[in-house]
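One structure is given here, and the rest of the page talks about it.
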Amino acid sequence: MCERTVRRIAAPVLLAVALTLVSACGGSDSDAQQPSPSPTRPQGTSTTPVRLPVPDGFDATRGWSTKASPETPDVQAGSSGFPLVAVAPRSNLVVQAAEDASRVQAYDLATGKVAWTFTPAALSDARTGVFVMTVGGREQVLLARQGKTSGDGLNQSAPTVTVDIIPARSPAKATAAHHLDLPVPSDQALSFAASDSGFLVGAADDGTYSQATVIDPATGAKRSVTAKDVTVSGCGGSTCTLSATPAFATSAGVVSTYEQTTGCDQWGNRSGQPCTTGFQVGDAWTSTTTAPRGMHTGIPLAVTGKYLIAAWHTSDSQTDQPALSADSKTTFTVQDLATGKTIASVSCTSTDPLTLQPGSAQSSTRISANGRYLVSGQTAFDLNSRTGHCYTSSASSKGINFTAVGDDGTAYGLIHTGDASDASSLYGRLPIAPDGTDSTEQGARVDLAAGSAKALSEAAEVPIYLAASDGVFRTGDVLAVYARR
């Protein structure tokens, strides 16, 4: 049985695996094509593909596939985890890293041919993540690893974090344009926070990092960032100085969050001016200057391209974390990353309480290749008409966490099923099943133009990326690209 785990652009182990070029032979059922009992691998370079059960909008007999391995989960809120697959849309590549960090390969998205291979320096006990970032119109592949250096007769093995930055458009034998070795504190577990234009390494605490290292994916430059005082206007009806803590990095600068705890109604009983919870984007703008009317709590959820996605509602008690719930509406906005100008917004409620934390929706935020449709967490936006739609839970339906969106407004996602874990109660975070187990999340297809959603068959996989002609699929043991019908 195929594992149904969809991971934050997670990926395959490459252990001398030959790519599987798919022959053109027909056949599908109404909703999910049935997998072959086991992949047949005849001799030669052209082999029978692994046929995953996919929605009827895809043809599992046309495309290519290769092996994959489960990724290592990271339970820290705001962490990007350790994905082993990433898509470079401008370069038309699917990039995958070996689970043991021994190799990275980039495949042509359409044909499956190997475009380049990168071999990093050896690292033992490695946890590996691969990310694609775009700065100045150029895509860079960032390989981040946590592990141990090799000891020798003189020097002992030591913990380290290494980062290699490889241009997406590289020759067949790729080399890193930049290599960095970062110190590892002995008393802290580090996490990676990646957007599509910035990378941050540090110890996560509810989606923020009091001390972290930010790496510029274009130049390889690194700098330390810490919590710092910022002057906030519109703070409880006046101006105040608050401590802002880094959450994630973007092309517009580090996004930091702050919270007012004194001189305001911190218990939420309307005994004074509302407390302000918000964020600052680099040195460009703060949330209080762009907040919707009456909204004193702002949480930066994700960034994609030139847009930042935020959640807003009225001031909360300082004893409670901001949450999407049925008690009051939460407004979700798409904002210009450089200026803070609101592009589109929608107000939602949810019968499933979901905690809103900085960066929590980064794993489920996507934008279509033509730039028209944007999905984030359980919301979707048409940026041309500047409208939004909620796909949150209600008395009659469950919420949908998005995984992919296409130029035609067709989107896919996983139906949210909450459990007792902190990860499942985080808004917008895609579920991660422990290694070696199957995930039980059922998929859904959404027509954003019509505002309608339909559950897929329980067996059907959902894509993690949609190109104009293909869809990228990822399970615990297979990475596949199938043609769209």
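Predicted, not measured: the structure shown is a model, and the values here were computed from it.
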Would [X] and [Y] count as having a side-chain donor-acceptor pair, cut-off 3.5 Å?
X      : Y      : answer
Gln105 : Tyr107 : yes
Gln280 : Thr286 : no
Thr342 : Ser345 : no
Ser425 : Thr355 : no
Thr351 : Ser393 : yes
Thr245 : Thr208 : no
Thr330 : Tyr427 : no

**OP:** Answer yes if the ring centres of Phe82 and Phe131 are under 6.0 angstrom apart, and no otherwise.
**Re:**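 Phe82 vs Phe131: aromatic centres not under 6.0 Å.
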Subject >> Test side chain to side chain contact (heavy atoms under 4.5 Å, CB included) applied to Tyr465 and Leu109, step by step >> reply: CA-CA 11 Å; Tyr465 177 77; Leu109 191 150; 4.0 Å; yes
**OP:** Quick one: sort the Phe402 and Tyr391 rings into parallel, tilted or perpendicular, breaks at 30° and 60°.
**Re:**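 Perpendicular.
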Subject >> Geometric class of the Phe199/Phe192 ring pair [parallel <30°, tilted 30-60°, perpendicular >60°] >> reply: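 If you compare the ring of Phe192 with that of Phe199, the planes turn out tilted.
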Original post:
Just how far is it from atom CD1 of Ile215 to atom CG of Leu182, taken to the nearest 0.5 Å?
Top reply: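 Those atoms lie 5.0 Å apart.
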Original post:
Measuring from Lys228:NZ to Ser243:OG, what's the distance to the nearest 0.5 Å?
Top reply: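 Nearest 0.5 Å value for the NZ-OG distance: 10.5 Å.
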**OP:** Evaluate whether atom CG of Asp283 has more than 12 neighbouring non-hydrogen atoms of other residues, nucleotides or ligands under 6.0 angstrom away.
**Re:**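 Open.
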**OP:** From the options Thr128, Thr162, Asp100, select the one residue that forms a side chain to side chain donor-acceptor pair (under 3.5 Å) with Arg145.
**Re:**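 That would be Thr162; it is the only one of Thr128, Thr162, Asp100 passing the side chain to side chain donor-acceptor pair (under 3.5 Å) with Arg145.
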Subject >> Residues which pass ring-ring contact (aromatic ring centres under 6.0 Å, His included) with His178, listed by chain and number, not counting sequence neighbours >> reply: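 Residues passing ring-ring contact (aromatic ring centres under 6.0 Å, His included) with His178: none at all.
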**OP:** Output all residues satisfying ring-ring contact (aromatic ring centres under 6.0 Å, His included) with Trp116, sequence neighbours left out; order by chain, then residue number.
**Re:**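 Trp116 satisfies ring-ring contact (aromatic ring centres under 6.0 Å, His included) with no other residue.
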Subject >> Pair Gln146-Val161, side chain to side chain contact (heavy atoms under 4.5 Å, CB included): steps then yes or no >> reply: CA-CA 5 Å; Gln146 296 184 21; Val161 170; 3.8 Å; yes
Original post:
How far apart are the C-alpha atoms of Gln321 and Leu356, what are their side-chain angles, what is the distance that settles it, and do they pass the side chain to side chain contact (heavy atoms under 4.5 Å, CB included) test?
Top reply: CA-CA 7 Å; Gln321 288 186 310; Leu356 300 163; over 6 Å; no
Original post:
Does the distance from a Lys or Arg side-chain N to an Asp or Glu carboxylate O, for Arg372 and Asp382, drop under 4.0 Å?
Top reply: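 Judged by the 4.0 Å cut-off on N to carboxylate O distance, Arg372 and Asp382 do form a salt bridge.
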